[in-house]
Amino acid sequence: RRDASVQLIDACAVCRATCGLEPDEGVTDWSVPSPARGGPLFRAWTEVPQELRPDHTPKPRCCLRPDMFREEGAEELRRCARFYPQRGNTGGFFVALFRKGERPPIVP
C-alpha cells in the first residue's frame, strides 16, 4: 500500500545474527567525481562550478545534479549493510532492510 509507513531496519545487526557474514555499515559521506577524467572531487553541491550544472551545460548527460550529494538524513544509511567479495568468497552487494508498518490512522 502506498500510504503505509516504512522503517529502515539495522541490516548489519540482522546479517550478523542470521547469516554469519561480516558487513560494513552503509556510507554516510561521499565525494562525487567530475565528469572529466582526472577532474576534481566534490563533497557538496555548493562546490560544483556553474559549467558542470544542468542549467548551464549544453549536454545534460555531462553534468552533475544536486541529488548526487549527501542530503539531510543520510546518517540513517548506517543501517544499511555493504558486503565485499574478498571477505566471504561472495559477490559484493548492498543490503537495505525495510519494515512496512500499518497505515497511519486517518484523522477527519
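For Phe83 against Ala81, the heavy-atom pair with the smallest separation is CE1-CB, 3.9 Å. Residue Phe42 comes nearest to Phe69 through the heavy atom pair O-CE2, 3.6 Å, listed as atom of the first residue, atom of the second, then distance. Nearest heavy-atom pair, Arg16 versus Pro23, reported as atom, atom and distance to 0.1 Å: NH2-O, 3.5 Å. Here the closest heavy-atom approach between residue Gly92 and residue Pro85 is recorded as CA-CD, 3.6 Å. The minimum heavy-atom distance linking Leu8 with Leu97 is given by the pair CD1-O, 3.4 Å.
Looking only at distances, no side-chain donor or acceptor of Arg53 sits under 3.5 Å from a matching main-chain atom of Pro66.
The distance from the CD atom of Glu71 to the CD atom of Glu76 is 12.5 Å, given to the nearest 0.5 Å.
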Just list the side-chain donor-acceptor pairs under 3.5 Å for residues 26-34, sequence neighbours left out, or say none.
{"residue": "Asp29", "atom": "OD1", "partner": "Arg43", "partner atom": "NH2", "Å": "3.4"}
{"residue": "Asp29", "atom": "OD2", "partner": "Arg43", "partner atom": "NH2", "Å": "2.3"}
{"residue": "Trp30", "atom": "NE1", "partner": "Met68", "partner atom": "O", "Å": "2.9"}
{"residue": "Ser34", "atom": "OG", "partner": "Ala36", "partner atom": "N", "Å": "3.4"}

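With sequence neighbours left out, the salt bridge (charged side-chain N to carboxylate O under 4.0 Å, His left out) criterion links Glu47 to no other residue. Applying the side-chain contact (heavy atoms from CB on, under 4.5 Å) rule to Arg37 yields no partners; only residues at least two apart in sequence or on another chain are considered.
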Inset, instruction - Go through the steps to decide whether Phe98 and Ile9 satisfy the test side-chain contact (heavy atoms from CB on, under 4.5 Å), and finish with yes or no. - result: CA-CA 6 Å; Phe98 297 95; Ile9 299 171; over 6 Å; no
Legend entry - Steps toward side-chain contact (heavy atoms from CB on, under 4.5 Å) verdict (Glu25, Arg82): CA-CA 6 Å; Glu25 289 182 338; Arg82 295 176 299 136; 5.6 Å; no
